[in-house]
Peer 1: 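Submitted below is the structure of interest, expressed as structure tokens.
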Amino acid sequence: MLKKRFKKIALSFVLFVSSIMYAHGDLSIRIHEKTKEISKDTTNSKLYFERGFLYQQHEEFNKALSDYLRSEELGNTEKLLKYRKAKIYFALTDYHSALKAVDQCIDPPDVKPQKLKAQILMKLKRHSEALDLYDLVIKNTLDIRPEDIVEYSTIFLAMDSTNYTGAIKAIDIGLDKLGDHVVTLQLKKTDYLKRSGQVKKVIEQYNSLITENTRKEFWYYKKALYLFELNRLSEANIALQQTKVTIEQLSPKLKSTSALKELQIQVNKLEKNIHHEN
């Protein structure tokens, strides 16, 4: 059984690596073909722009920048070129040039350049400006992602390392927009509550996660571990026993997964530590 599972994992890994190699190999072929086109039409700004984007996808940023600058010299004034050039400067950590480029392509209905500008301002430690801009991005982005919300929350702490109220409020905005089911945001909120010493709210957060999720064993364990760290041993033991009961109710197939086996190991360790402290 173990041998079979190992073969499956190995095959998945090979397929994953192969897909990456294929993607990069495909880009190399397309870059080569585009270079041949350029050699036949050396003053075509569109061809340089297209090859620049292929280089950008291939993470050859200096070559991409060179092509974008050449495309500009040949008369390309598209806002998309300015935006992609700003992304290149950002990747190369030339934040002042990135800011100059992104300012040339800001277009209010399009939030992408505004988000990039906010990220650049963060790198330049112009946090207040970044926050104002990110406020607009969060309000106007339809397909907001959890990582955008987390990034937004970090600006509050960059401005004031004790402003967990602002950071948590930012996470709550994300949970309102995306729903309470987003684990990334729930974990980040729990982390902020812990770091700000809000013990009662951390426990309430774990209780809420236990109630809202069908798979409860992980959250019971996290609650038990947190209570143990607070030296609230009897409460920690109750949460730990609830973890064990919940695991026991799972199907044999689920209990045999590597994640559950690892959780059971951690549960046993915590149980020994609680008994030792008692």
Side-chain angles (χ1 to χ4, degrees), residues 1-2 5-6 9 144-278:
M1 188 65 142
L2 190 61
R5 192 178 300 152
F6 177 77
I9 293 168
I144 200 77
R145 300 174 305 168
E147 50 265 42
D148 295 329
I149 298 294
V150 172
E151 188 171 52
Y152 176 50
S153 74
T154 63
I155 303 176
F156 291 90
L157 295 172
M159 293 173 70
D160 176 358
S161 61
T162 65
N163 187 11
Y164 287 102
T165 302
I168 291 167
K169 192 180 286 185
I171 297 295
D172 282 337
I173 288 170
L175 289 168
D176 285 341
K177 278 180 169 282
L178 299 173
D180 291 334
H181 62 281
V182 183
V183 176
T184 310
L185 298 182
Q186 292 287 12
L187 287 172
K188 182 52 71 174
K189 181 176 181 178
T190 307
D191 176 50
Y192 286 155
L193 288 168
K194 283 183 181 179
R195 283 159 61 183
S196 55
Q198 300 184 61
V199 174
K200 186 180 176 183
K201 287 190 176 180
V202 173
I203 294 170
E204 286 173 359
Q205 177 77 354
Y206 280 131
N207 288 340
S208 177
L209 287 164
I210 289 164
T211 303
E212 289 166 9
N213 286 279
T214 51
R215 293 290 299 277
K216 303 176 187 297
E217 63 279 357
F218 172 77
W219 300 115
Y220 272 129
Y221 169 73
K222 296 296 281 185
K223 180 183 175 183
L225 185 61
Y226 179 64
L227 289 165
F228 174 74
E229 289 166 356
L230 294 174
N231 203 35
R232 292 164 64 163
L233 301 180
S234 60
E235 293 172 83
N237 189 49
I238 290 168
L240 194 65
Q241 296 313 310
Q242 288 170 315
T243 310
K244 291 172 73 176
V245 168
T246 309
I247 291 173
E248 194 55 40
Q249 291 171 344
L250 295 172
S251 68
K253 186 178 179 181
L254 281 173
K255 282 192 277 190
S256 68
T257 62
S258 56
L260 256 297
K261 285 180 179 178
E262 178 57 32
L263 178 59
Q264 287 172 314
I265 290 168
Q266 296 307 316
V267 165
N268 292 335
K269 280 184 183 177
L270 183 55
E271 191 167 41
K272 285 178 185 176
N273 287 334
I274 290 171
H275 289 326
H276 181 264
E277 290 298 320
N278 278 329

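These figures come from a predicted structure and were not determined experimentally. Just so you know, these numbers use all the heavy atoms, side chains as well, and skip hydrogens, waters and symmetry mates.
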Peer 1: Testing the basics here: between L233 and I274, what is the closest heavy-atom pair and its distance to 0.1 Å?
Peer 2: O-CG2, 4.2 Å

Peer 1: Does atom NZ of K255 have more than 12 heavy-atom neighbours from other groups under 6.0 Å away?
Peer 2: yes

Peer 1: What closest approach, in Å, do Y164 and Y192 show between heavy atoms, and which atom pair accounts for it?
Peer 2: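 Shortest heavy-atom separation between Y164 and Y192 comes out as CD2-O, 3.8 Å.
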
Peer 1: Look at D191 together with K194 and state whether they make a salt bridge at an N to O cut-off of under 4.0 Å.
Peer 2: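 The answer is no: the pair does not qualify as a salt bridge.
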
Peer 1: Quick one: are Q241 and V245 in side-chain contact, heavy atoms under 4.5 Å?
Peer 2: no

Peer 1: Are any of the side-chain nitrogens in E217 or R215 under 4.0 Å away from the carboxylate oxygens of its partner?
Peer 2: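 Looking at E217 and R215, the cut-off is met.
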
Peer 1: Is it the case that atom NZ in K222 sees more than 12 heavy atoms from other parts of the structure closer than 6.0 Å?
Peer 2: no

Peer 1: Could you go through Q264 and N268, starting from their C-alpha distance and side-chain angles, then the distance that decides it, and tell me whether this counts as side-chain hydrogen bond (donor to acceptor under 3.5 Å, both in side chains)?
Peer 2: CA-CA 6 Å; Q264 287 172 314; N268 292 335; over 6 Å; no

Peer 1: How many angstroms lie between CG in L187 and NZ in K189, if you round to the nearest 0.5 Å?
Peer 2: 12.5 Å

Peer 1: State, yes or no, whether a side-chain contact exists between V202 and Y206 at a heavy-atom distance under 4.5 Å.
Peer 2: yes

Peer 1: Can you name the closest pair of heavy atoms from L254 and T257 and give their distance?
Peer 2: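 Shortest heavy-atom separation between L254 and T257 comes out as O-OG1, 2.7 Å.
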
Peer 1: Taking K216's backbone N and O only, do any of them form a donor-acceptor pair with N213's side chain (distance below 3.5 Å, no angle check)?
Peer 2: no

Peer 1: Less than 4.5 Å apart, any side-chain heavy atom of I210 and any of Q205?
Peer 2: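 No - every pair of side-chain heavy atoms lies 4.5 Å or more apart.
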
Peer 1: I need the minimum non-hydrogen distance between A239 and L227, along with the two atoms involved.
Peer 2: CB-CD1, 4.4 Å

Peer 1: Go through the steps to decide whether Y226 and V199 satisfy the test side-chain contact (heavy atoms from CB on, under 4.5 Å), and finish with yes or no.
Peer 2: CA-CA 9 Å; Y226 179 64; V199 174; 3.5 Å; yes

Peer 1: Side chains of E204 and S208 only: does a donor on one sit below 3.5 Å from an acceptor on the other?
Peer 2: no

Peer 1: For the pair T243 (side chain) and Y221 (backbone), establish whether a donor and an acceptor sit closer than 3.5 Å, ignoring hydrogens and angles.
Peer 2: yes

Peer 1: Does E229 CD have over 12 foreign heavy atoms under 6.0 Å away?
Peer 2: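 Counting neighbours around CD of E229, more than 12 heavy atoms of other residues, nucleotides or ligands fall under 6.0 Å, so yes.
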
Peer 1: For F228 and A236, work out which heavy atoms get closest and say how close.
Peer 2: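 So the two residues come closest at N-CB, 3.6 Å.
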
Peer 1: To the nearest 0.5 Å, what is the distance between CG (L209) and NE2 (H181)?
Peer 2: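 Answer for the CG-NE2 pair, L209 versus H181, is 13.0 Å.
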
Peer 1: Does the distance from a Lys or Arg side-chain N to an Asp or Glu carboxylate O, for E235 and K223, drop under 4.0 Å?
Peer 2: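 So E235 does not pair with K223 through a salt bridge.
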
Peer 1: At their closest point, which heavy atom of P146 faces which heavy atom of L185, and how far apart are they?
Peer 2: O-CD2, 3.7 Å

Peer 1: Is the backbone of R145 close enough, under 3.5 Å, to the side chain of D148 for a donor and an acceptor to pair up by distance?
Peer 2: yes

Peer 1: Supply the atom-to-atom distance I265 CD1 to L260 CG, rounded to the nearest 0.5 angstrom.
Peer 2: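 Between I265 CD1 and L260 CG, I get 11.0 Å after rounding to 0.5 Å.
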
Peer 1: Got a second to check how far N207's CG is from W219's CH2, nearest 0.5 Å?
Peer 2: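 That separation rounds to 12.5 Å.
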
Peer 1: Quick check for you: to the nearest 0.5 Å, what is the distance between Q186 atom CD and T184 atom OG1?
Peer 2: 10.0 Å

Peer 1: When rounded to the nearest 0.5 angstrom, what is the spacing between CG in L178 and CD1 in I173?
Peer 2: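 Interatomic distance, L178 CG to I173 CD1, rounded to 0.5 Å: 11.5 Å.
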
Peer 1: Do L270 and Q266 have side-chain heavy atoms sitting under 4.5 Å apart?
Peer 2: no

